[in-house]
Amino acid sequence: MSDADRGRNAHYDDLETRSRDDRETALLAALPGQIGHAKATAPAMAEILSQVETSAITSRAALASLPVIRKADLMRRQTPASPFGDLNGTPIATMAHLFASPGPVYEFDRERPDFWRTARAFFAAGFRPGELVHNSFSYHLTPGGWIMESGARDLGCPVIPAGTGNSEQQVQTIAHFRPSGFSGTPDYLKVLLEKADELGVDMSSITKALVSGGALFPSMRQAYEERGIQMAQCYATADLGLIAYESDARDGMIIDEGLLVEIVRPGSGTPVPDGEVGEVVVTTLNPDYPLIRFATGDLSAILPGQSPCGRSNQRIKGWMGRADQAAKVRGMFVQASQVAELQKRHDEVKKARLVVTRIDNQDVMTLNCEVTGQPQGLASLLERSLQDICKVKGGIRFAAPGDLPNDGLVIEDQRQYD
């Protein structure tokens, strides 16, 4: 579809409004070819699926019989000798960017249109060709900035590659270029608006936003709308690209057209009934990174019915927390293994529990540490280590030995997702 056609139409393309039967038939018809391609081009996938008869995987039930690949499997396989764990279907020499996300987890992209498939989400959020987008996702090592820029550019939108930090300069840049759209985490636009208020700078040109990397709470959405900013969210990961997105109906998140999404019982690969909360598992048709049944670690549920906006694909309720001991804080995943790494650095900490809360519409992270006494200067050292390891600032609270619960929980997410 041309840029001119997209400017006139209510939907990004005809795929969004095809019947569910047509979509299911097309996806399942493509599935054996993708599995065969994965086995032929990605040695790790050939190993994982060695006992699979490719031509037999032509139904949801058959797909559910395949093993689930988890983030921990991915991280274990990724070594200097095999940077992407032999799960990539294209050689490094053909890649455009190589990324290092916290964990660490390594990803890549290629120089082809809308590699991460986010243009569809921008369109559904109200962006149209020619509109200027201020992109505040990080461009440094992590792929967030590129994930969103590729979609905006494919839609025909010029992009200001702002990245994170330097809020005063970002505000001045917005005032100069007058972009109509913002892309970034839900929290960061609030930071920029408050900085603009402080400096007396006009940011009123921004009237729409596509956010990701953190939960968009109803109170936050309302606060933005009161300032004339219509906000939509999308759900994407560095491994899979776009998974689901909101439309102007603001009624659940519509699954992207190029994926097979399952909701499974956490810790297993067994699909749960529609409406039941479970872990999001995705099979992508991306030939360059052909992940089959990749478990995101995120919780969600299938919503009944169809979106009022006319898009016919299934919808998920949205991001409802983590299925494992991890939390997404200000757009960054924090893992239990990172808390363990901090304890290795500081012998004084006998036990630790990371608590994530939400205060004044912002994520707050506090590391509760069992120590004997309160060693002088330890809190400052722990704060620095926490930011160094997790890439997110957090506070420190000391507890006496035995005070923390004996339940094996390392990360406690106390935020509410209703």
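Predicted, not measured: the structure shown is a model, and the values here were computed from it.
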Would you say [Y] and [X] are linked by a side-chain donor-acceptor pair, where the criterion is simply a distance under 3.5 Å?
X	Y	result
S204	D202	yes
Q170	E168	no
N368	R353	no
E16	S312	no
Y235	D298	yes
S385	D388	no
N361	S219	yes
Y224	Q230	no

Original post:
Pick one: which of D109, D13, D256 meets salt bridge (Lys or Arg N to Asp or Glu O under 4.0 Å) with R117?
Top reply: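 Testing each of D109, D13, D256 against R117, the sole residue satisfying salt bridge (Lys or Arg N to Asp or Glu O under 4.0 Å) is D256.
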
Atom [atom1] in [X], atom [atom2] in [Y]: separation rounded to 0.5 Å?
X	Y	atom1	atom2	result
I263	E276	CD1	CD	10.5 Å
I396	L367	CD1	CG	4.5 Å
M332	K328	CE	NZ	10.5 Å
D154	R112	CG	CZ	10.5 Å
W146	H97	CH2	NE2	3.5 Å
C309	D251	SG	CG	9.0 Å

Evaluate the criterion side-chain hydrogen bond (donor to acceptor under 3.5 Å, both in side chains) for residue pair S101 and E107; output intermediate values, then yes/no. CA-CA 8 Å; S101 296; E107 306 97 5; 2.8 Å; yes

Salt-bridge criterion met for [X] and [Y] (N-O under 4.0 Å):
X	Y	answer
E257	R23	yes
E47	K39	no
R60	E262	no
E24	R20	no
D288	R110	yes
E194	K190	yes

Q.
Go through it in stages, so that I can follow the logic: the residues are E131 and K208, the test is side chain to side chain contact (heavy atoms under 4.5 Å, CB included), and I'd like the CA-CA distance, side-chain angles, deciding distance and then a yes or no.
A. CA-CA 11 Å; E131 295 183 330; K208 64 190 71 174; 3.0 Å; yes

*asked:* Quick check on the 6.0 Å ring-centre criterion: do F84 and F108 meet it?
replied: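 Yes, they do, as the ring centres are separated by less than 6.0 Å.
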
pair [X]-[Y]: side-chain heavy atoms closer than 4.5 Å:
X	Y	answer
S307	S247	yes
T118	S150	yes
R70	E279	yes
C234	L242	yes
T284	Y289	no
R77	I48	yes
L189	V191	no
L291	D239	yes

Least distance between heavy atoms, [X] atom then [Y] atom:
X	Y	result
G36	T54	N-CG2, 3.6 Å
I411	Q335	CD1-C, 3.5 Å
V272	V264	CG1-C, 3.8 Å
I35	L66	CD1-CD1, 4.0 Å
A125	A209	CB-O, 4.5 Å
C390	V334	SG-CG1, 3.8 Å

Looking only at atom types and distance, does a side-chain atom of [X] sit under 3.5 Å from a main-chain N or O of [Y], one as donor and one as acceptor?
X	Y	result
K351	P405	yes
T283	R293	yes
S205	S180	no
E246	Q233	yes
R397	T366	no
T296	V280	yes

Using the side-chain contact (heavy atoms from CB on, under 4.5 Å) definition, which of the options N135, V133, T173, I174 pairs with P179?
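Exactly one pass, corresponding to I174.
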
Note to self: Would S212 and T185 count as a side chain to side chain contact (heavy atoms under 4.5 Å, CB included) here? Give the steps.
What the structure shows: CA-CA 5 Å; S212 190; T185 61; over 6 Å; no

With salt bridge (Lys or Arg N to Asp or Glu O under 4.0 Å) as the test, would you mind laying out the steps for K195 and E198 before giving the verdict? CA-CA 5 Å; K195 176 60 70 172; E198 175 190 327; 3.6 Å; yes

| task | Apply the test side chain to side chain contact (heavy atoms under 4.5 Å, CB included) to residues F177 and I160: give CA-CA distance (whole Å), side-chain angles for both, the deciding distance (0.1 Å), then the verdict. | result | CA-CA 9 Å; F177 285 121; I160 302 169; 3.9 Å; yes

Between F123 and R128, is there a cation-pi geometry (under 6.0 Å to ring centre, at most 45° from the normal)?
yes

- Task: Give the intermediate values and the outcome of side chain to side chain contact (heavy atoms under 4.5 Å, CB included) for residues Y188 and S167.
- Result: CA-CA 9 Å; Y188 195 64; S167 57; 3.8 Å; yes

- Message: T25 vs D22, test: side-chain hydrogen bond (donor to acceptor under 3.5 Å, both in side chains). Steps then yes/no.
- Response: CA-CA 5 Å; T25 297; D22 286 349; 5.5 Å; no

